[in-house]
Student: 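Structure incoming, see below.
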Amino acid sequence: MNLILLGMPGAGKGTQAEIIERENKIPQISTGAILREVGQSNTPLGEKVQEFLSSGKLVPNEIIVEMLVDRISREDCKEGFLLDGFPRNIDQGIALDDAKVSIDKVIFLKISEDEIIQRMSGRRVHLPSGRTYHIKNNPPKIDGCDDITGEALIQREDDNPEVIKKRLEVYYEETEPLLNFYKTKGQDFHEIDASRTLDEVRTDIGKLLT
Ligand code: AP5
């Protein structure tokens with residue numbers, strides 16, 4: 001089963017992707033997490049990537065497309081994978097088609113701007129694993145610490161009001177057109193109301209995958 005999760009920044013893609021990965025035994029491929037890791041590396045590429053992440057703009061296609069296609073060609077993706085954060089614009093969608101990557105379902109998490117601002121401002125992340133929490137909605141067992149490793153959680157640099165505004169602009173301009181791209185090509189496309197609780201959203205996604 002090859003899946004794509006689409007949605008505004010902060011819609012809950014990463015949170016649901018972690019659950020889908022666990023319950024369906026397919027790897028979650030988060031381009032945001034991959035890029036944050038590259039951005040932390042002390043290399044010219046890392047510095048370049050970090051500039052895009054900090055500004056809320058998309059990393060250029062020539063950097064991310066090759067990384068993604070290489071990642072899904074690995075052994076652990078043979079039985080399926082879940083793309084979280086890719087494709088992000090029409091050119092990336094076309095790049096998947098050109099690479100002959102077949103997609104079984106596209107799941108769109110629909111949510112309002114007001115709700116995502118609340119979600120992103122309370123988000124805390126364990127950077128090495130990408131595990132995501134929320135100080136109220138999905139708190140870690142111990143305040144400020146990752147449940148599995150006990151390591152410190154951080155607030156993402158791009159979760160500040162100015163960068164969130166930029167990320168939303170980029171979403172409307174570049175990512176939202178993908179909804180029509182997939183609908184018009186006859187892709188198996190599902191819209192889920194992501195403004196509900198984590199478990200309600202999870203249950204609806206679970207029904208689609210059984
Ligand atoms: P990326 O990491 O992909 O960020 P995003 O798409 O902006 O999405 P987020 O990670 O912010 O949100 P999410 O939908 O995963 O929500 P989450 O589950 O965390 O990308 C970051 C940057 O990388 C981009 O700006 C770009 O620069 C670059 N990039 C990435 N992919 C790229 C690509 N393909 N091409 C070019 N550049 C790329 O949930 C949010 C919060 O809400 C959490 O705290 C969570 O605990 C909480 N929450 C989740 N679900 C619920 C619920 N149902 N109820 C209440 N709270 C909830």
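Remember, it's a predicted structure, so these values are computed and weren't measured experimentally.
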Student: Would you say that F108 contacts L5 through its side chain, given a criterion of any heavy-atom pair below 4.5 Å between the two side chains?
Tutor: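 Heavy-atom side-chain distance check fails, nothing below 4.5 Å.
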Student: Report whether L178 and I29 are members of the same hydrophobic cluster (ILVMFWY, side-chain heavy atoms less than 4.5 Å apart, transitive linking).
Tutor: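 Per the 4.5 Å side-chain linkage, L178 and I29 are co-clustered.
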Student: Looking at R74 and D76, is any side-chain nitrogen of the basic one under 4.0 Å from a carboxylate oxygen of the acidic one?
Tutor: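 Here D76 does not pair with R74 in a salt bridge, since their nearest N and O are not under 4.0 Å apart.
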Student: For the atom pair CD1 (I63) and CG (L68), what is the distance rounded to the nearest 0.5 Å?
Tutor: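 Here the rounded value is 13.5 Å.
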Student: Report whether I116 and L198 are members of the same hydrophobic cluster (ILVMFWY, side-chain heavy atoms less than 4.5 Å apart, transitive linking).
Tutor: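 Per the 4.5 Å side-chain linkage, I116 and L198 are not co-clustered.
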Student: May I have the step-by-step check of side-chain contact (heavy atoms from CB on, under 4.5 Å) for L3 and I103, ending in yes or no?
Tutor: CA-CA 6 Å; L3 306 171; I103 298 298; over 6 Å; no
Student: Going hydrophobic residue to hydrophobic residue with side-chain gaps under 4.5 angstrom, can you get from F86 over to I26?
Tutor: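 Looking at the clustering, I26 is in a separate group from F86.
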Student: Under 4.5 Å between any side-chain heavy atoms of E47 and T43, yes or no?
Tutor: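 Side-chain contact under 4.5 Å: no.
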Student: Are V49 and L127 connected into the same hydrophobic cluster when the rule is that any two of I, L, V, M, F, W, Y join if their side-chain heavy atoms are below 4.5 Å apart?
Tutor: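 Unlinked, L127 and V49 end up in two clusters.
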Student: Under the side-chain hydrogen bond (donor to acceptor under 3.5 Å, both in side chains) criterion, do Y133 and D146 qualify, and how do the steps go?
Tutor: CA-CA 9 Å; Y133 303 84; D146 177 50; 2.6 Å; yes
Student: Taking T132 for its side chain and T15 for its backbone only, find out whether a donor-acceptor pair lies under 3.5 Å.
Tutor: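 No, the answer is negative, given that no donor and acceptor are paired below the 3.5 Å cut-off.
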Student: Between N160 and E157, is there a donor-acceptor pair closer than 3.5 Å when you use the side chain of the first and the backbone of the second?
Tutor: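 Present.
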Student: Closer than 3.5 angstrom, by distance alone: can the side chain of K13 be matched with the main-chain N or O of G7 as a donor-acceptor pair?
Tutor: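 Checked: pair present.
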Student: Count I, L, V, M, F, W, Y as connected when their side-chain heavy atoms are under 4.5 Å apart, and connections chain through other members. Are L53 and I154 then in the same cluster?
Tutor: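 They do not share one cluster, since no chain of ILVMFWY contacts under 4.5 Å joins L53 to I154.
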Student: State the CD-CD1 distance between Q16 and I205, to the nearest 0.5 angstrom.
Tutor: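 If I round to the nearest 0.5 Å, the distance is 4.0 Å.
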Student: Find the distance between CZ (R123) and CG (L153) and round it off to the nearest 0.5 Å.
Tutor: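 With rounding to 0.5 Å, CZ (R123) is 12.5 Å from CG (L153).
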Student: To check you understand the geometry: which heavy-atom pair defines the closest contact between D159 and M120, and what is its length?
Tutor: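 Between these two residues, the closest heavy atoms are OD2-O, 3.4 Å.
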Student: Do any N or O atoms from the side chain of Q28 and from the backbone of R22 form a donor-acceptor pair under 3.5 angstrom?
Tutor: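 No, the answer is negative, given that no donor and acceptor are paired below the 3.5 Å cut-off.
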Student: Under the side-chain contact (heavy atoms from CB on, under 4.5 Å) rule, what do R131 and V125 come out as? Steps first, then yes or no, please.
Tutor: CA-CA 6 Å; R131 275 185 290 278; V125 181; over 6 Å; no
Student: Taking the side chain as C-beta and beyond, is there a heavy-atom pair between V101 and F81 under 4.5 Å?
Tutor: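 Yes, side chains in contact.
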Student: Are any side-chain N or O atoms of Q155 and backbone N or O atoms of S121, one a donor and one an acceptor, separated by less than 3.5 Å?
Tutor: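 Judged by distance alone, yes, a pair lies under 3.5 Å.
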Student: Do L83 and L96 have side-chain heavy atoms sitting under 4.5 Å apart?
Tutor: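 A side-chain contact exists here, since the closest heavy-atom pair is under 4.5 Å.
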Student: Spell out, as yes or no, whether a donor-acceptor pair under 3.5 Å connects the side chain of D147 to the backbone of K141.
Tutor: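 Yes: the side chain of D147 pairs with the backbone of K141.
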Student: Take a 6.0 Å sphere around NZ of K183 and say whether it holds more than 12 heavy atoms from other residues, nucleotides or ligands.
Tutor: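 More than 12 within 6.0 Å, yes.
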Student: Side chains of E200 and T203: any donor to acceptor distance under 3.5 Å?
Tutor: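 Distance-only check fails for T203 and E200.
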Student: Look at E169 together with K166 and state whether they make a salt bridge at an N to O cut-off of under 4.0 Å.
Tutor: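 Here E169 pairs with K166 in a salt bridge, since their nearest N and O are under 4.0 Å apart.
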Student: Once rounded to the nearest 0.5 Å, what's the spacing between atom CD of Q50 and atom OG of S55?
Tutor: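 Q50 CD to S55 OG: 9.5 Å, rounded to 0.5 Å.
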Student: Between K105 and D188, is there a salt bridge with N-O shorter than 4.0 Å?
Tutor: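 Judged by the 4.0 Å cut-off on N to carboxylate O distance, D188 and K105 do form a salt bridge.
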Student: Find out whether Q118 and H134 are in side-chain contact, i.e. whether some heavy atom of one side chain is under 4.5 Å from a heavy atom of the other.
Tutor: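 Touching, per the 4.5 Å side-chain cut-off.
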Student: Please report the interatomic distance CD1(I111) to CG(L109), rounded to the nearest 0.5 Å.
Tutor: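 Output value for this atom pair is 8.0 Å.
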Student: For a 4.5 angstrom cut-off between non-hydrogen side-chain atoms, does P9 reach L168?
Tutor: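 The answer is yes; the side chains approach within 4.5 Å.
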Student: Has the side chain of R119 got a donor or acceptor atom that lies under 3.5 Å from a matching backbone atom of A11?
Tutor: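 Side chain of R119 to backbone of A11: a pair is present.
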Student: Counting N and O atoms only, with roles assigned by atom type, does the side chain of R167 sit under 3.5 Å from a partner on the main chain of D158, one being a donor and the other an acceptor?
Tutor: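 Yes.
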Student: For I72 versus C77, what's the shortest heavy-atom pair and its separation?
Tutor: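 Looking at all heavy atoms of both residues, the closest pair is O-CB, 3.4 Å.
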Student: Which pair of non-hydrogen atoms, one from M8 and one from E113, has the smallest distance, and what is that distance?
Tutor: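 Result for this residue pair: CE-CG, 4.0 Å.
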Student: How about CD on E21, more than 12 heavy atoms from neighbouring residues, nucleotides or ligands closer than 6.0 Å, or not?
Tutor: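 Enclosed.
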Student: Without swapping roles, check the side chain of Q92 against the backbone of R88 for a donor-acceptor pair under 3.5 Å.
Tutor: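 The answer is yes, because a donor-acceptor pair under 3.5 Å joins these two groups.
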Student: With the threshold set at 4.0 Å, does a side-chain nitrogen-carboxylate oxygen contact exist between D204 and R196?
Tutor: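 So D204 pairs with R196 through a salt bridge.
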Student: Does the side chain of I192 reach to within under 4.5 Å of the side chain of K110, using non-hydrogen atoms?
Tutor: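 The answer is no; the side chains never approach within 4.5 Å.
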Student: Should V106 and Y182 be marked as a side-chain contact (heavy atoms from CB on, under 4.5 Å) after you check the CA-CA gap, both sets of side-chain angles, and the distance that decides it?
Tutor: CA-CA 8 Å; V106 175; Y182 282 117; 3.9 Å; yes
Student: Is it the case that more than 12 heavy atoms not belonging to K48 sit under 6.0 Å from its NZ atom?
Tutor: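 Incorrect, the count does not exceed 12.
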Student: Determine, step by step, whether E115 and S112 satisfy the side-chain hydrogen bond (donor to acceptor under 3.5 Å, both in side chains) criterion, reporting the C-alpha distance in whole Å, the side-chain angles of both residues, the deciding distance to 0.1 Å, and the verdict.
Tutor: CA-CA 6 Å; E115 179 67 23; S112 71; 5.7 Å; no
Student: Is E51 salt-bridged to K57, going by a charged N under 4.0 Å from an acidic O?
Tutor: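 No, no charged N to carboxylate O under 4.0 Å.
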Student: Quick one: do E173 and V170 satisfy side-chain contact (heavy atoms from CB on, under 4.5 Å)? Show the steps, please.
Tutor: CA-CA 5 Å; E173 198 172 314; V170 170; 5.9 Å; no
Student: Decide yes or no for N2 and L82: does some side-chain heavy atom of the first lie under 4.5 Å from some side-chain heavy atom of the second?
Tutor: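 Sidechains of L82 and N2: no contact.
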Student: Just checking, is any N or O donor in the side chain of S195 or D193 under 3.5 Å from an acceptor N or O on the other one?
Tutor: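 Looking only at side-chain atoms, D193 and S195 do form a donor-acceptor pair, the distance falling under 3.5 Å.
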Student: Identify the two heavy atoms, one from A95 and one from V65, that lie closest to each other, and give their separation to 0.1 Å.
Tutor: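 Distance-wise, the nearest heavy atoms are CB-CG1, 3.8 Å.
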Student: Can you name the closest pair of heavy atoms from F52 and L58 and give their distance?
Tutor: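 Closest heavy-atom pair between F52 and L58: CD2-O, 3.3 Å.
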Student: With a 6.0 Å cut-off (strictly less than), is the heavy-atom count around CG of D143, excluding the residue itself, greater than 12?
Tutor: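 Result for CG/D143: open.
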Student: Of all the heavy-atom pairs spanning L6 and L179, show the shortest one and how long it is.
Tutor: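 Closest heavy-atom pair between L6 and L179: CD1-CD2, 3.7 Å.
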Student: Is there a donor-acceptor pair closer than 3.5 Å between any side-chain N or O of E191 and the backbone N or O of I107?
Tutor: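 No: the side chain of E191 does not pair with the backbone of I107.
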